[in-house]
Amino acid sequence: MIAMDTAQSVLVVVLAAALAVFLILAITIAIEILRLVSSLREIAKRAERVVTSAETVGDVLRKTSGSVSIIHFVRTVLNMVAEHKDKKKES
């Protein structure tokens with residue numbers, strides 16, 4: 001077996017330490033990425049609920065504005081009829 005000299009031994013130890021540091025760093029980054037993805041999924045769910053709520057509000061406003069227009073039309077017609085009756089009474 002070939003004996004390693006001091007320089008080779010130091011190099012092996014330094015490389016092993018660097019590899020261990022990079023491995024721990026990679027595991028930490030992977031865990032943080034998984035947490036970030038989980039948070040992004042939750043944000044996406046909340047955004048979807050907000051969009052659904054906004055669509056519901058839009059539908060309600062659209063239906064209500066149609067009803068208000070019909071009520072306004074009926075009121076206008078009734079006012080015209082009332083004015084016409086008042087003019088007949090005056091004549």
Side-chain angles (χ1 to χ4, degrees):
M1 183 184 245
I2 302 174
M4 289 197 284
D5 61 351
T6 308
Q8 288 175 337
S9 296
V10 170
L11 183 61
V12 168
V13 169
V14 169
L15 289 176
L19 181 62
V21 168
F22 285 127
L23 182 63
I24 291 170
L25 185 63
I27 291 171
T28 304
I29 289 173
I31 290 171
E32 290 301 317
I33 287 174
L34 290 174
R35 286 182 183 171
L36 178 65
V37 168
S38 176
S39 296
L40 290 175
R41 284 184 182 153
E42 184 63 32
I43 290 170
K45 287 178 185 177
R46 288 181 184 175
E48 186 176 342
R49 281 183 262 160
V50 168
V51 168
T52 302
S53 296
E55 287 175 350
T56 303
V57 168
D59 291 341
V60 167
L61 289 176
R62 190 176 10 215
K63 290 175 184 176
T64 303
S65 68
S67 299
V68 169
S69 296
I70 292 170
I71 292 171
H72 180 67
F73 173 74
V74 170
R75 183 184 302 158
T76 303
V77 170
L78 291 175
N79 287 340
M80 290 172 66
V81 169
E83 287 175 12
H84 184 67
K85 285 184 180 180
D86 288 343
K87 286 182 182 179
K88 274 190 165 183
K89 286 181 182 179
E90 291 176 2
S91 305

Salt-bridge contact R35-E32 (side-chain N to carboxylate O under 4.0 Å):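 Result for this pair is yes, salt bridge flagged.
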
Please check if atom CD in E42 has more than 12 non-hydrogen atoms from other residues, nucleotides or ligands closer than 6.0 Å.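 Yes.
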
To the nearest 0.5 Å, how far apart are OG1 in T28 and CD1 in I33?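 If we round to the nearest 0.5 Å, T28:OG1 and I33:CD1 are 11.0 Å apart.
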
About how many Å separate CG of L11 and CG of D5, when rounded to the nearest 0.5 Å?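 Here the rounded value is 10.0 Å.
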
Quick check: do I27 and L23 have side-chain heavy atoms less than 4.5 Å from each other? yes

Ignoring hydrogens and geometry, is there a side-chain-to-backbone donor-acceptor pair from S38 to L34 under 3.5 Å? no

Cluster overlap V37 with I29, hydrophobic side-chain contacts below 4.5 Å: yes

